[in-house]
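Structure first, then comments.
Just so we're clear, the structure is a prediction, and the values are computed from it rather than from any experiment.
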Amino acid sequence: MTWIVQNLWLVPVLPILAAGISALAKQRNRLLAASLAIGSLALSFLLSLCAFAHVLSLSSQGLETRQVIDFRWFQFGGEWLKLGWMLDPLTAIMLVMVSFVGLLIFIFSVGYMEHDENFTRFFCFLSLFAGAMLGVVIANSLLLFFMCWEIVGLTSYLLIGFWYHKPEAAAAAKKAFIVTRIGDLGFFLGMVWLYAQTGTLLFYDHGAGCLEHSALAALVAHITTVGMAASTGIALLIFCGAAGKSGQVPLHVWLPDAMEGPTPVSALIHAATMVAAGVFLIARVYPLMSVHAGLAGPLVPTTALIVVAWVGAITAVFGALIAIAHYDIKRILAYSTISQLGYMMMGLGVGGVAVGMFHLITHAFFKSLLFLGAGSVIHGCGGEQDIRKMGGLRKSMPITFLAYTAGMLALCGFPLFFSGFWSKDAILDAANTWSVSKMPFYLGAFGALLTAFYMTRQVYYVFAGKSRLSENSSEAAHASHASATPHESPAVMTVPLVILAAFAVFLGLVGTPAWPWFQSFLDDQRATLNFAAFSGPGVASVMLASSLLVFLGLGLGWWFYGRRPIESADAPDAFGQLQPHIFSVLGHNFYVDALYGATIVRLNTGWSRVCDWLDRWVWNGAVQTVSHLVLAFAWIDNFFDANIVNAGFDEGCETVSRGGQLLALLQGGRVQSYLRTIGVALIALAVFLLWGATR
């Protein structure tokens, strides 16, 4: 076992340790907090590179790439509960992505949060957030995974509600925490069920892990009372947790509101940490999700994978449709993230781990680029987030514009030259050959068209035309530049944008059909360069169709928003004018939040009032009645004790005492008294005898 495997635990522990030190520091120690956060994550990144190189070396030599270290945590009865960590290709890829993207976001945050009074606290939370996600990545135990998973949820709550003085931020934090807990409840039940069936929560344990053959065979063989295999039930419960964290319909409602947090938080949540955790969970437990009665042979669409694919496909279109009708620059990207997470889930369901994870990795770079680019725009516009009040930023913010455009084209899947094209096409190609249904392919293709359309709309609103930034620009939620004159962000913010833009353009080259290195690496195979793969069944046709859809979306975006410059912030939306009713429905998020408010929230509120009434008048009344009865019995007991028992006992004691006092007179110890008494007694006896004799 090499040193990097033995010391892999340092990757998450370093940022967590930095968070602990920052938590003890005073607020004025800004440099210390930023240095600890960036330095610890930089070290984690270097260790991640070493881990990646180690796995790459093992793979090139044809050796086993999965290495695990397990240890005993605590004992209950005769059983030991074990935890552990693991290094395999999936772990190595995720470690590098999370630490690198997180590091760039940390650096960006130094400039973005420069004037915030809670700068130190912010970097403390960021470090804990990154450390928890890295803990999720290396975990070889579902229990350790869940522990780190919950810390991710806690830190997301702290960061979304970071500006807690804003009611919207506090409400968004609570909403995110509660909604994701709903999914986590399913995850927890699935975890308990899995432990009950297999007796372990270790993923891999030399053949005895819950994701290894013997455990999976037992799970498939165990049929529940409803006719479902235990493996299917457990997989669906675990997917509930993934759906909550990754914003899948219907648990997506927290994700747009999470934009109330600082923009670097949005970038971290939407790219490298929280939402990626849900997709990574499905990838990690994929042997459980895909296990079937045969346990061998080609990929069989199991019930769990079918559910994952359909939920993902619906979410992909759902998020893209809503993004069309919003004006908040970050909220548009939030719904875009929901859509792209749907693509990832669909990729896992129809194509496997490599297909879904490839899009997760490329998305991490171009979506963090877009969010940080949005942060740069907000920073340069004095805190303004409404795209209707922007415009003309291409000239005043050229670096941000070029970087943002690269991210936008990568998200749209612009053909050949941008990473999103290759990763999204891999999903569409897998969906096109899915044996269950063609509908996910059609939904995914429609989502690709919508993505190109709403991102073109956003870019024209923000960067084209003339500036519409009002002198009464909205006050920034953070203490950044308050000037309403657009200006380019400082180098500490633009350099991370340029680096991310380079990855958004070139990263897709590691997963093309001609050289599928990424897929081969995850599948522990050797990649070969083969241009003939482009002529494979359906590959060229899917590439052509998706390219045409992207161009069509870009063209429609230009037709509605680029052909005629947007003159004022009050000008009606071009698509909204054409379809006002549809635009209104989309702008209100399909009224899902209103539906939840009218049903679940109202039901919960009503039930809480019933519980309050029961607590006040029924349970509290019962308690008060019992209390009064006890007091009454206590009074009666005291009365009998004081007036009967005590009185009788005291009287008896007095009688005995008086008798004792009389007897004590006879026990004076004086001989004269004894003789006198004897004399009196003799006289009395003589009188008695004489009296008797005279009778």
What's the separation between atom [atom1] in [X] and atom [atom2] in [Y], rounded to the nearest 0.5 Å?
X    : Y    : atom1 : atom2 : answer
I16  : I151 : CD1   : CD1   : 6.0 Å
F280 : W149 : CZ    : CH2   : 10.5 Å
Q67  : T2   : CD    : OG1   : 5.5 Å
I69  : L83  : CD1   : CG    : 13.5 Å
C240 : L185 : SG    : CG    : 8.5 Å
L41  : L14  : CG    : CG    : 9.5 Å

What residues form a salt bridge (charged side-chain N to carboxylate O under 4.0 Å, His left out) with [X], not counting sequence neighbours?
X    : value
D328 : none
K367 : none
D205 : none

Could you check whether [Y] and [X], counting side-chain N and O atoms only, form a donor-acceptor pair closer than 3.5 Å?
X    : Y    : answer
H326 : N589 : yes
W163 : N118 : no
S419 : T362 : no

Practice item. Give a yes or no on this: more than 12 heavy atoms of other residues, nucleotides or ligands lie within 6.0 Å of atom CZ of F71. Key: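 Yes, CZ of F71 has more than 12 neighbouring heavy atoms, counting only those of other groups under 6.0 Å.
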
Exercise for review: Verify the neighbour count for atom OH of Y195: are there more than 12 heavy atoms of other residues, nucleotides or ligands below 6.0 Å?
Suggested key: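 Yes, the 6.0 Å shell around OH holds more than 12 heavy atoms from other groups.
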
Practice item. Test side-chain contact (heavy atoms from CB on, under 4.5 Å) on S368 and L104 and set out the steps. Key: CA-CA 9 Å; S368 59; L104 294 176; over 6 Å; no

Point to revise | Basic-acidic side-chain contact under 4.0 Å: D593, K175 | key: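 Looking at K175 together with D593, the answer is yes, because their closest N to O distance falls below 4.0 Å.
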
Practice item. Salt-bridge test for D184 and K245: reply yes if a basic N is under 4.0 Å from a carboxylate O, no otherwise. Key: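 Salt bridge flag = yes for K245 with D184.
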
Report, one line per pair, each donor and acceptor closer than 3.5 Å where one atom sits in a side chain of residues 352-359; sequence neighbours left out.
| unit_1 | atom_1 | unit_2 | atom_2 | d |
| --- | --- | --- | --- | --- |
| H359 | ND1 | S423 | OG | 2.8 |
| H359 | NE2 | Q340 | OE1 | 2.8 |

Point to revise | Of V285, L305, I282, the residue whose pairing with F239 passes side-chain contact (heavy atoms from CB on, under 4.5 Å) | key: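 Looking at V285, L305, I282, the match for F239 under the side-chain contact (heavy atoms from CB on, under 4.5 Å) is I282.
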
Please list, chain by chain and in numerical order, all residues satisfying ring pair (Phe, Tyr, Trp, His ring centres under 6.0 Å) with [X], sequence neighbours excluded.
X    : result
H54  : none
F521 : F52, W517
Y404 : F463

Tell me, please, which residues at least two apart from [X] pass side-chain hydrogen bond (donor to acceptor under 3.5 Å, both in side chains).
X    : value
Y157 : none
R30  : none
T263 : Y112, K330

Check your understanding: Between F365 and F503, what is the ring plane arrangement, given parallel below 30°, perpendicular above 60°, and tilted in between?
Key ->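 Aromatic pair F365/F503 classed parallel.
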
**Study point:** Ring geometry between F123 and F106 (parallel below 30°, tilted from 30 to 60°, perpendicular above 60°)
**Key:**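 The rings of F106 and F123 stand perpendicular, inter-plane angle above 60°.
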
Give a yes or no answer on whether the side chain of [X] reaches the backbone of [Y] with a donor-acceptor pair at less than 3.5 Å.
X    : Y    : value
Y343 : G444 : yes
T315 : G342 : no
S59  : V55  : no
S35  : L32  : no
N7   : W3   : yes
S246 : Q248 : no
E114 : V110 : no
T451 : G447 : yes

Review point. Does NZ or CZ of R181 lie under 6.0 Å from the centre of the six-membered ring of F177, at an angle within 45° of the ring axis?
Key: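 Yes, a cation-pi geometry holds between R181 and F177.
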
Residue pair [X] / [Y]: nearest heavy atoms and the distance that separates them:
X    : Y    : answer
S231 : V291 : CB-CG1, 3.7 Å
L369 : A403 : CD2-O, 3.3 Å
L497 : G373 : CD2-N, 3.5 Å
A37  : S127 : CB-OG, 3.2 Å
P256 : A334 : CA-CB, 3.9 Å

Exercise for review: Carefully, step by step, assess R331 and D257 under the rule salt bridge (charged side-chain N to carboxylate O under 4.0 Å, His left out).
Suggested key: CA-CA 8 Å; R331 198 167 285 264; D257 290 355; 3.2 Å; yes

Exercise for review: Quick one: do V265 and F122 satisfy side-chain contact (heavy atoms from CB on, under 4.5 Å)? Show the steps, please.
Suggested key: CA-CA 9 Å; V265 173; F122 180 77; 3.4 Å; yes

Review point. Can you find a heavy atom in the side chain of T337 that is under 4.5 Å from one in the side chain of F371?
Key: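 They are in side-chain contact.
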
Check your understanding: Under 4.5 Å between any side-chain heavy atoms of I361 and F518, yes or no?
Key ->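 Yes - at least one pair of side-chain heavy atoms lies under 4.5 Å apart.
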
Review point. Do F318 and H252 have their ring centres less than 6.0 Å from each other?
Key: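 Yes, the ring centres sit under 6.0 Å apart.
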
Exercise for review: Assess the pair F74 and W80: is the distance between their ring centroids shorter than 6.0 Å?
Suggested key: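 Centroid distance F74-W80: not below 6.0 Å, so no.
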
Practice item. Test side-chain contact (heavy atoms from CB on, under 4.5 Å) on T155 and F125 and set out the steps. Key: CA-CA 6 Å; T155 46; F125 293 165; 5.6 Å; no

Check your understanding: What's the verdict on salt bridge (charged side-chain N to carboxylate O under 4.0 Å, His left out) for K82 and D70, showing C-alpha distance, side-chain angles and the deciding distance?
Key -> CA-CA 7 Å; K82 294 182 178 180; D70 300 323; over 6 Å; no

Show me the side-chain donor-acceptor pairs of residues 132-139 shorter than 3.5 Å, one per line, residues at least two apart or across chains.
none

Review point. What do the steps show when you test L142 against C210 for side-chain contact (heavy atoms from CB on, under 4.5 Å), and what is the final call?
Key: CA-CA 9 Å; L142 193 60; C210 63; 5.5 Å; no

In a table with atom names and distances, give each donor-acceptor pair under 3.5 Å that connects a side chain of residues 90-102 to protein atoms at least two apart or in another chain.
| unit_1 | atom_1 | unit_2 | atom_2 | d |
| --- | --- | --- | --- | --- |
| T91 | OG1 | D88 | OD1 | 2.7 |
| T91 | OG1 | R284 | NH2 | 2.6 |
| S99 | OG | L95 | O | 2.6 |
| S99 | OG | V96 | O | 3.3 |

